[in-house]
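Owing to the predicted nature of the structure, the values given are computational and were not obtained by experimental measurement.
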Amino acid sequence: MSDYNVIVIGAGAAGLAAGEALARAGVSFAVLEAKARVGGRAWTDERIFPGIPFDRGCHWIHSASHNPFREIADRLDVDYRRMGTRRSSGLYLAGEKADAATTRAAWDAVEAAFAAADAAGEAGRDVDAQSVCDTAGPWWPLARHWMSLLSAMPPEQISTLDLAAYQDTKENWPVVSGYGALIARASAHVPVHLDVEVSAIDRSSTPIRVATSRGTLRARSVILTVSTNILASGRIRFTPALPDAVQEAALHCPTGVAEKVAFLLDAPVEGFEDTAYIDTMTSGDPARAPINFVVNHFSQPVIVGQLCGETARELEAAGEPAMVDFGLAALKDVFGSGIAARIRRATATRWSSDPHILGAYSCALPGHADARAALRAPIEGGLFLAGEAVSATAFSTAHGARQSGLEAARAALSAAG
């Protein structure tokens, strides 16, 4: 049995940041990670498309001018793209490219939906986002797609008060070599114990006992950085049980569904710029939900599509081939059936079925915008929660997770005296 001042559970952006702070403080600590890699939902896959990094999870440096990872990228000389807007450069309707006026009208409707939800939240209303949006217009399916994508939950399950709390400068800059790779490199000096699963945390006495797949460890404080879905799943046994307020907060701020389907082509697609954004939509067919793509990903022959909401949940349950087929059908609408012959490899993410994560990123349900505050509160006995879900204004982001890890480490050090 080994003793530490602090044990950190999870080596995602939050856990790695906590490890950085603990290392600087010079205390004994251990960072435990169930997977064979670091990063959690920040994972740059460098093997699926040989020689081309693919971010399976977080990809954009959100609110880049205020994001510490942008500063870290500058310090490490890591390249990123300065993107001005998430508005698509092309909208395809049932296989036909819409004209500029139609594309503007569609995106005006998307932004109007977000504005209506934000206005409700800013007015103090904790209601579902869909209830304040114009759902009768022709562009509601596209607005619904983007709201579901950015919150990982469909609009009827998004708290307007929570949504309005998110601070967004609308500077979303992708990292050329991969955001996951940047996060791993930023904390490369932090020692991490990989392939260590935690099954129980017993804080009924001091020190806290942490049962793992490699034996029991002890610590004065524990920083737990797992997703809210893992927290609510019962996969980790707590003695005594977590406070009711924390258990309810985890249930009321779940991690939703946001997945990617990506295609490696024989060459970049002609007629599209580096990292071009497009949307596809087929009106009148509820089975064909909208999907947005990034074409010529960093001038590479890669197209990445984003799935979300009920569509992503159903497709993921059906398996990766179903996800790829759905994405390919949309690509054929845009590029014609000949695009299929140009595909050299395809892949899809499955975060919701990942046993160590169980979802994409968190979203407070209507009426429960206070859940994040309950998750941030220290838990008696030396337990502290961290991760994107506990961030008050940068939830669902890697930089929100990082900040929460630093704050949890400070709290744990303070509690230890």
Can you list every salt bridge (Lys or Arg N to Asp or Glu O under 4.0 Å) pair that touches residues 379-402, not counting sequence neighbours?
E20-R402, R41-E388
Do the side chains of Y80 and D74 get nearer than 4.5 Å, heavy atoms only?
yes
is_close_aromatic(W146, W107), centroid dist under 6.0 Å:
yes
Specify the closest pair of heavy atoms between L251 and L365, including all atoms of both residues, with the distance to one decimal.
O-CD1, 4.0 Å
L307 and M323, any side-chain heavy atoms less than 4.5 Å apart:
yes
N/O donor-acceptor pair under 3.5 Å between S396 side chain and Y361 backbone:
no
Which residue pairs pass the salt bridge (Lys or Arg N to Asp or Glu O under 4.0 Å) test when at least one of the two sits in residues 352-369, sequence neighbours left out?
K35-D354
Kindly write out the residues that satisfy salt bridge (Lys or Arg N to Asp or Glu O under 4.0 Å) with D134, not counting sequence neighbours, or none if the list is empty.
none
Enumerate the residue pairs fulfilling side chain to side chain donor-acceptor pair (under 3.5 Å) with a member in residues 226-242, sequence neighbours excluded, ordered by first and then second residue.
N229-T255
If you look at every heavy atom in A386 and I223, which pair is closest and at what distance?
CB-CG2, 4.1 Å
Excluding sequence neighbours, so at least two apart, what forms side chain to side chain contact (heavy atoms under 4.5 Å, CB included) with A101?
D99, R104
How close do A143 and A113 get, heavy atom to heavy atom, and via which atoms?
CB-CB, 3.9 Å
Answer with yes or no whether the side chains of H62 and N67 bring together a donor and an acceptor at under 3.5 Å.
no
Would you say R220's side chain and P207's backbone share a donor-acceptor pair under 3.5 angstrom?
no
Looking at residues at least two apart in the chain, or sitting in another chain, which of them share a ring-ring contact (aromatic ring centres under 6.0 Å, His included) with F263?
none
State, to 0.1 Å, how close W351 and G40 come at their nearest heavy-atom pair, and which atoms those are.
CH2-O, 3.6 Å
Test H356 against E197 for side-chain hydrogen bond (donor to acceptor under 3.5 Å, both in side chains), laying out the working first.
CA-CA 9 Å; H356 301 130; E197 298 212 25; 3.3 Å; yes
In chain order, what residues pass the side chain to side chain contact (heavy atoms under 4.5 Å, CB included) check against T347, with sequence neighbours excluded?
I48, F49, F54, R56, A262, E320
Within-4.5 Å side-chain heavy-atom neighbours: I61 and N172
no
Parallel, tilted or perpendicular, judged at 30° and 60°: which one describes the rings of F69 and Y179?
perpendicular
Using atom types as modelled and distance alone, determine if a side-chain donor or acceptor of S159 lies under 3.5 Å from a backbone N or O of A364.
no
Are V31 and I9 close enough that some pair of their side-chain heavy atoms sits under 4.5 Å apart?
no
Please enumerate all residues that pass ring-ring contact (aromatic ring centres under 6.0 Å, His included) together with H368, with sequence neighbours excluded.
H252
Of the non-hydrogen atoms in A374 and A249, which two are nearest, and what is the gap between them?
CB-CB, 3.8 Å
Carboxylate-amine/guanidinium proximity below 4.0 Å for E310 and R144:
yes
Side-chain heavy atoms of L91 within contact of W139, under 4.5 Å:
yes
With a 4.5 Å limit on heavy-atom distance, are the side chains of D279 and P290 in contact?
no
Please identify each residue that fulfils salt bridge (Lys or Arg N to Asp or Glu O under 4.0 Å) with D162, with sequence neighbours left out.
R372
Can you pull the salt bridge (Lys or Arg N to Asp or Glu O under 4.0 Å) pairs that have at least one residue in residues 117-133, sequence neighbours excluded?
none
With sequence neighbours excluded, residues passing side chain to side chain contact (heavy atoms under 4.5 Å, CB included) with S352
V257, E259, E316
Please report the shortest heavy-atom distance between E171 and T169, naming the atom on each side.
OE1-OG1, 2.6 Å
Can you pull out every salt bridge (Lys or Arg N to Asp or Glu O under 4.0 Å) where at least one residue sits in residues 404-415? Sequence neighbours excluded, please.
none
Between T280 and I291 (side chain of the first, backbone of the second, donor and acceptor by atom type, cut-off under 3.5 Å), is there such a pair?
yes
